[in-house]
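Since the structure comes first, as structure tokens, the remarks are kept for the end.
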Amino acid sequence: MTKWMKKLTGSLLAGVLTLGLLAVPAGAAQSNQLVTIDLWHATRNQASMGNVATDNNEQALYNPETNTLQVATNPVNVSGYMSAITKIQYDATGKGSYQDVTVLSTGTVETGTKNDGVNHTVTYVSSFEFELPSYITRSGVEYIPLQMVVPYTPMDEVVGEGYLNSRLRIDWSQVKTTSLTKIQPDNTMSSGEVETVDRTDASGIRLVTDSAKVATGTVFQVRTVTSGADYELAKKALTGVSGSFTLYDISLITDSGAETDPFGAITLYFPYSDSPSLYRVNDNGTKTVLRGAESDEGYEIMTTKVGLFAVFGGKKMAVTTTPSTPATPSTPTTPSTPTAPAASTSSAFTDITSHWARESVIRATNAGLFSGTTATTFSPERTMTSAMVVTVLYRMAGSPAVSLPDSLENVTPGAWHEIASAWGYEKGIIGGYKTYTPDQPVSRQELATMLYKFYSLSKTPAAGADLSKFTDVSSVASWAKEGVAWANAAGIVGGTTTTTLSPANSATRAQVAVMLCRYLDYAG
């Protein structure tokens, strides 16, 4: 009996072990994965200036076993300011609770002397790791808020000694398995560009800053307030200050129509001389004295906030400058069907009178390619979305009949651009080279690629230009190299300077008008 029981027990144990081996086969551990990432703007749906710090490291390493993500970074050259990310934190809860990442490797880079006249040696984070927060589901496109420091650059100047806010954009639809167990950084320096932002409102108030603090597509709006709740708030806040005041409401408005504060200190010139006094009226009903300096352009101040500004005393200077931005921002997602306006209509746009792209704007709008943002404004410095550009190309093609598929990636059924987007898919103008995001500002390299593919529908493109003269050629995306090289050779897309292409920069309405006119001249 005992022998029989031992035999039965042994058989059962062997069976259990066999089943166990079948249930958990060798090599069943999940493989590591490479996933596509970008550094995204903290509040806007577009790549941030800091994205150049991952230009050469566009894939992160995800370990399913430990639920950790390893990210690599590279040094940056932003308009001659050289540096890299030296500190980085991530939001562990999704509610603003930031923690330091685990540094895996470091590197060094010399900053050059452009920032402060001293060539600093900076030790930067070339790779780091953190556990994925619980709010990340690993599906679709997700974002993890980050805080980082990039010293001795305009990005660093935005926040002084603090952290620059950004988001890590993770595209879980672009994942592939890998045998890598540790991320391998590409330490090649990548280039970006800081653009000057210089706007003057019809009131004569001028904004001067750069694209690290105010995006180039942002609308600068000034309203003189003489009554209402804001005026009463100002009166109460300014109790005890002698004399009368002029109250201005200054706004910065993004492409989506949302108001925003600048990401750092900006310079404002108020058209007053003879020692005016200036106050900012805060939302809580208090006032802040703003100390400035007089100049030939008016009273100059620096501020990190916009809103209500009260001017006491001084002498109002004559205002002769034509406004460079529309008084009221338009909504870019619902453009009207264009008609070919008379030349007098487009030439009457009040915000292009002295603009460098005036002739191209007039030509493009007269041709019915796209319209003004209002009857009297074109808004040349606002960005155009991918949907807008596809719609323009669709019209240039003669608005042919299109069979709508059952669904289109990222296109809402019935959207104003649905037919144009369907045509773009059908003809290969969009899709394939990027995930189509119709409401996102189109970049210079995306526009070049669209024009290249549009041209290819009817003709064989000539050979592209040698782009090696541009110092930021490495930042041209692989899917865009052919289109950018062709567009540059055709004279459609030039450099933003003699040595830079700025391929990831958003294209403004004025730039699109110029490129379209150049395309028409080239294509006949």
Side-chain angles (χ1 to χ4, degrees), residues 17-40 47-48 50-76 84-92 99-109 123-146 148 166-190 409 431-435 473-482 504:
L17 290 173
T18 301
L19 288 173
L21 290 173
L22 290 174
V24 187
Q30 298 181 62
S31 300
N32 287 353
Q33 300 171 333
L34 290 173
V35 56
T36 299
I37 60 163
D38 292 287
L39 283 179
W40 221 241
S48 71
N51 192 44
V52 292
T54 58
D55 269 356
N56 302 320
N57 296 278
E58 297 177 342
Q59 292 182 316
L61 181 65
Y62 174 64
N63 185 330
E65 294 296 319
T66 59
N67 194 35
T68 54
L69 193 70
Q70 294 183 9
V71 181
T73 74
N74 50 259
V76 299
I85 299 175
T86 58
K87 297 179 183 179
I88 191 162
Q89 296 181 329
Y90 73 102
D91 188 347
Q99 296 182 11
D100 291 332
V101 299
T102 300
V103 177
L104 300 177
S105 63
T106 61
T108 60
V109 61
T123 299
Y124 69 93
V125 178
S126 62
S127 64
F128 61 90
E129 180 183 64
F130 61 91
E131 184 176 353
L132 281 187
S134 60
Y135 58 84
I136 296 298
T137 64
R138 303 203 316 278
S139 63
V141 175
E142 295 185 296
Y143 300 87
I144 299 176
L146 302 178
M148 58 188 186
S166 183
R167 290 182 295 165
L168 183 68
R169 181 182 187 270
I170 310 174
D171 188 349
W172 295 104
S173 67
Q174 300 188 53
V175 173
K176 61 181 180 181
T177 58
T178 179
S179 60
L180 286 176
T181 58
K182 188 174 182 179
I183 197 72
Q184 302 296 318
D186 180 346
N187 295 321
T188 306
M189 181 172 287
S190 183
E409 184 181 9
Y433 65 89
K434 76 182 188 82
T435 300
V473 64
S474 63
S475 63
V476 178
S478 58
W479 51 261
K481 289 186 184 299
E482 194 172 16

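In what follows, every heavy atom counts, from backbone to side chain, and hydrogens, waters and symmetry copies are set aside.
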Quiz item: Do the ring planes of Y143 and W40 sit parallel (below 30°), tilted (30 to 60°) or perpendicular (above 60°)?
Solution: tilted
Quiz item: Between D55 and S475, is there a donor-acceptor pair closer than 3.5 Å when you use the side chain of the first and the backbone of the second?
Solution: no
Quiz prompt | Side-chain (N74) to main-chain (V52) donor-acceptor, under 3.5 angstrom | solution = yes
Exercise. I would like to know whether I170 and Y62 meet side chain to side chain contact (heavy atoms under 4.5 Å, CB included); could you show each step before the answer?
Key: CA-CA 11 Å; I170 310 174; Y62 174 64; over 6 Å; no
Quiz item: What pair of heavy atoms forms the shortest contact from Q184 to N57, and how long is it?
Solution: O-OD1, 4.1 Å
Quiz item: Which pair of heavy atoms, one from E65 and one from N63, lies closest together, and at what distance?
Solution: N-OD1, 2.9 Å
Exercise. First locate atom CD1 of I37, then atom CD of E58, and finally report the distance between them rounded to the nearest 0.5 Å.
Key: 8.5 Å
Quiz item: Do the non-hydrogen side-chain atoms of V71 and V101 ever get within less than 4.5 Å of each other?
Solution: no
Practice problem: State, to 0.1 Å, how close S105 and P185 come at their nearest heavy-atom pair, and which atoms those are. | Solution: OG-CG, 3.9 Å
Quiz item: Measuring from E142:CD to L132:CG, what's the distance to the nearest 0.5 Å?
Solution: 8.5 Å
Quiz prompt | Approximate separation, where rounding is to 0.5 Å, of R169 CZ and D38 CG | solution = 6.0 Å
Self-check item: Interatomic spacing from CG in L61 to CG in N32 - rounded to 0.5 Å
Solution: 5.0 Å
Practice problem: Examine distances only and state if a side-chain atom of N56 and a backbone atom of D186 form a donor-acceptor pair shorter than 3.5 Å. | Solution: no
Quiz item: By side chain to side chain donor-acceptor pair (under 3.5 Å), which residues pair with E482, not counting sequence neighbours?
Solution: Y452
Quiz prompt | Nearest non-hydrogen partners of I136 and I144, listed with the distance | solution = CD1-CG1, 3.7 Å
Quiz prompt | CD-CG distance between Q174 and L34, expressed to the nearest 0.5 angstrom | solution = 12.0 Å
Practice problem: Might you point out which heavy atoms bring V76 and M189 nearest each other, and give the distance in Å? | Solution: C-CG, 3.8 Å
Quiz item: Hey, is NZ on K87 packed in by over 12 heavy atoms from elsewhere, all under 6.0 Å?
Solution: no
Quiz item: If you round to the nearest 0.5 Å, how far is CG of L104 from CD1 of I183?
Solution: 9.5 Å
Quiz item: Are I85 and Y124 close enough, and set up right, to give a side chain to side chain contact (heavy atoms under 4.5 Å, CB included), and what steps lead you there?
Solution: CA-CA 5 Å; I85 299 175; Y124 69 93; 5.7 Å; no
Quiz item: Checking T73 side chain against V125 main chain: does a donor-acceptor pair fall under 3.5 Å?
Solution: yes
Quiz prompt | Heavy-atom pair with the smallest gap, counting every atom of W172 and S139 | solution = CD1-N, 3.5 Å
Quiz item: How about Y90 and L168: do any of their side-chain heavy atoms sit closer than 4.5 Å?
Solution: no
